[in-house]
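In what follows, every chain begins at residue 1, and chains take the letters A, B, ... in the order their sequences are listed. Quantities reported herein were computed from a predicted structural model and do not represent experimental measurements.
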Amino acid sequence: MSTVAALDLDLDLFSGPFDLLLTLVLREEIDLLELQLAELVLAYLDHLEARGELDLETATEFIVLVAALLELKSRLMLAGEDEEQLLDIEPAEAAEELLARMLDARRYRSAAEHLRGLLQAQDGVRFRSAPAPPHLLRAAPVPADGKLDPAQLGTALGRLLVVAPAINLRHIAIPRVSLAERLSHLRALLRRGRFSFEEAVGDADRMTVAITVFALLELYKRGEAAWEQSECFGEIHIQALAPPAPAVVARGAGGA
Amino acid sequence: MSAGAQQQSVAEAEDRSAVGVQGKRPPGEVEVLARTVEALLFLGGDPLGTRELADAAQVDELEVAAALALLSEQYAPGRRGIQLREVAGGYTLATDPACEEAARRLFNRPRTATLTPAQAETLAIVAYLQPVSRPEITRIRGVSADSAATTLLERGLIEEAGRSQFGAVLYRTGTQFLKLFGLRSLSELPDIAQWDPAPEEQAELRERLLRAGEARAEGGPAPA
Amino acid sequence: MSAGAQQQSVAEAEDRSAVGVQGKRPPGEVEVLARTVEALLFLGGDPLGTRELADAAQVDELEVAAALALLSEQYAPGRRGIQLREVAGGYTLATDPACEEAARRLFNRPRTATLTPAQAETLAIVAYLQPVSRPEITRIRGVSADSAATTLLERGLIEEAGRSQFGAVLYRTGTQFLKLFGLRSLSELPDIAQWDPAPEEQAELRERLLRAGEARAEGGPAPA
């Protein structure tokens with residue numbers, strides 16, 4: 001019997017074996033949105049610590065299950081018309097999905113072993129990597145004009161403009177702010193010129209201020225921005241280390 | 001059979017692959033073409049298909065096939081330090097693994113770095129599900145595959161194959177994968193279903209996922 | 001000398017280079033060493049001296065000389081598509097000049113002028129935003145564009161345009177770009193609006209691309 005199944009938990013919301021928790025979540029007797037997955041992971045780490053050894057098989061299974069829970073949870077937080085539908089998953093259906101997930105993980109772990117075996121069997125087979133003599137590589141022929149379609153560039157750029165749907169965080173009590181979001185905020189300000197830290201954060205909460213400082217450090221590390229503070233607790237002034245390259249707007253018909 | 005007669009038959013067998021040395025008769029067309037094909041395989045880094053070889057040698061593919069058959073005799077395993085290998089939909093020359101010790105001493109580095117478990121899993125998922133995106137790989141593995149995917153990309157084992165509708169980069173395996181793993185094509189990979197757990201084991205897993213809850217519904221304590 | 005005796009002597013000569021195939025006697029040490037030397041010469045692009053070969057094979061130079069003598073027989077001119085050559089500083093394998101016409105055709109075969117997905121994206125970013133730095137391209141794509149950029153540089157589709165103030169290489173479209181796409185000037189690049197998923201957006205193109213790229217790097221929801 002797997003030790004993950006028997007893992008004893010003592011969480012804020014629930015105490016009992018891991019498998020029971022899983023089932024209760026699947027049967028919607030425990031609201032996944034209220035379950036702190038981090039707490040769950042910490043409990044597992046304590047469990048490993050106590051056992052003093054890492055059983056790779058069990059650890060992998062635990063990770064796959066927690067990841068599946070995490071995904072279920074994030075799907076619950078997704079806004080959209082199909083939200084109702086998502087919440088309507090039958091417990092049996094959800095159990096099937098978890099099972100499918102575990103089977104998939106097992107399949108690809110076995111396939112990975114097979115691949116490692118194949119590579120091992122090729123041990124000692126070396127291929128020649130010396131370049132061909134230059135006199136045989138005559139200058140590559142220049143392809144005819146107009147061989148490539150400019151529309152190819154347009155479609156490529158169009159795909160890059162697609163913004164993935166954002167996750168709605170309204171279910172989470174603590175307001176979250178991401179480093180990436182703060183980075184692009186600061187970069188946008190930098191493009192306009194010098195600004196003060198005060199302007200960058202406005203009257204944001206402490207968490208946002210802290211993450212903004214972190215983002216500033218990141219920009220400094222990357223050589224994109226520098227700052228100065230003339231006195232303790234004084235105003236912090238931030239400026240770009242170099243003016244960002246001039247932007248080119250999309251060319252309209254006839255060339256802008 | 002006398003020793004002399006035996007030796008003579010050996011000479012005849014040998015004669016097929018060694019025409020042109022004794023100058024007793026002009027080398028046949030197949031022999032001449034085999035030399036050209038050998039030179040092309042020696043120069044070309046990636047495996048070459050019969051079509052490419054035929055175009056370069058300006059003959060038809062059937063003639064190339066005959067030349068390759070002759071070459072594969074000359075390069076039969078155990079005969080030379082180089083082998084003719086059929087990989088990645090083409091042919092290429094590679095060293096006999098028996099010479100690996102000496103090669104390692106000369107070049108002072110191992111042939112290829114082995115794969116970490118994370119890299120092997122990521123590669124397996126790409127090989128079987130291609131084209132597949134990074135988030136999908138992460139979803140199957142339960143943990144991020146970013147650094148493994150980056151390493152596999154750098155080593156040329158996987159390559160980009162466009163983007164998914166969500167904008168995530170898709171990956172597929174490349175020629176280098178087939179070449180290094182000694183595969184002629186992806187169809188040589190065994191069916192993924194072969195690693196499915198036995199039906200009883202699957203049933204047990206399914207049971208496990210619901211049992212504790214059932215126990216609770218009945219009001220009894222959950223079995224450990 | 002009778003025809004029979006002549007054939008027998010040929011058989012003896014042949015036998016030396018074909019040991020191990022017939023399984024009549026185990027291959028001699030010279031034959032085994034010759035295979036190793038063959039493999040080393042095959043791998044090494046540069047000529048190898050007898051000292052280097054001896055060190056790699058862990059034998060003495062006299063033995064290497066004997067192996068090389070055997071190899072030079074096997075690789076006698078006119079016999080194979082590859083020849084063993086003694087050049088300044090050592091030995092090397094090279095193709096028979098008779099096969100070079102075919103090799104030229106192989107290397108100069110007309111390649112289809114297609115772009116891989118990664119190359120198309122990289123080129124589109126450079127074309128519309130030039131000058132643009134490599135880190136910026138990476139930020140927009142969400143994954144590295146290094147190998148795509150290298151290929152585009154080699155094909156003359158993009159070229160370097162100085163360095164940004166942070167020291168990153170800047171790119172602009174190259175001499176081959178307009179030609180290959182049949183454009184008279186950059187102003188003829190198609191209006192992006194028809195492929196734009198959100199044409200009502202007012203922000204400038206660069207800004208929007210960077211924002212979308214950063215959102216992708218953060219990891220959107222996994223495709224269900």
Side-chain angles (χ1 to χ4, degrees), chain A residues 71 74-75 78 126-133 135-167 178 180-181 183-184 187-188 191 222-224 241-243 245 247-256, chain C residues 42-45 94 100 103-104 107-108 110-111 113 115 117 120-121 123-125 127-133 140-141 164-166 170 176 179-183 187-198 204-218 220-222 224:
Chain A
E71 196 197 317
S74 64
R75 270 159 66 181
L78 271 177
R126 287 186 191 235
F127 298 94
R128 193 175 139 87
S129 58
H135 71 278
L136 294 179
L137 298 168
R138 224 187 278 142
V142 178
D145 296 358
K147 264 284 171 59
L148 293 169
D149 183 0
Q152 215 184 335
L153 300 176
T155 45
L157 217 55
R159 274 196 307 272
L160 289 171
L161 282 170
V162 174
V163 180
I167 294 178
S178 77
E181 186 266 316
L183 276 173
S184 56
R187 281 186 180 125
R191 275 183 213 109
R222 295 189 195 183
E224 292 180 43
L241 265 184
V248 175
V249 280
R251 283 161 179 81
Chain C
F42 169 76
L43 288 172
E100 290 191 353
R104 274 199 197 93
F107 291 125
N108 297 299
R111 290 194 174 82
L115 299 172
E121 279 183 17
L123 187 55
I125 295 168
Y128 282 90
L129 299 186
Q130 56 190 310
V132 62
S133 71
I140 291 171
R141 297 195 60 231
S164 77
Q165 306 251 351
F166 313 124
L170 292 170
Q176 294 298 319
K179 238 172 105 119
L180 262 171
F181 282 89
L183 301 170
S187 65
E188 284 191 349
L189 275 174
D191 184 354
I192 184 74
Q194 55 177 311
W195 298 284
D196 192 338
E204 57 171 272
L205 187 60
R206 187 187 222 95
E207 176 84 9
R208 291 182 56 203
L209 284 168
L210 285 167
R211 224 191 300 141
E214 276 152 23
R216 270 193 299 276
E218 248 181 285

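Two residues are said to be in side-chain contact when any heavy atoms from C-beta on lie closer than 4.5 Å; A:Arg187 and C:Leu210 fail this criterion. Within the 4.5 Å cutoff, side-chain heavy atoms of C:Phe181 are placed close to those of C:Leu123. Using a 4.5 Å cut-off on side-chain heavy atoms (C-beta onward), A:Gln152 and C:Leu115 make contact.
One N or O on the side chain of C:Arg206 and one on the backbone of C:Leu129 form a donor-acceptor pair closer than 3.5 Å.
Both the backbone and the side chain of C:Ile140 come within less than 4.5 Å of a heavy atom of chain A. Heavy atoms of C:Glu207 lying under 4.5 Å from chain A belong exclusively to its side chain.
Heavy-atom pairs under 4.5 Å with chain C peak, among A:Ala151, A:Ala130, A:Ala188, at A:Ala151. Of the listed residues C:Val132, C:Leu209, C:Asp196, the one with more heavy-atom pairs under 4.5 angstrom with chain A than any other is C:Leu209.
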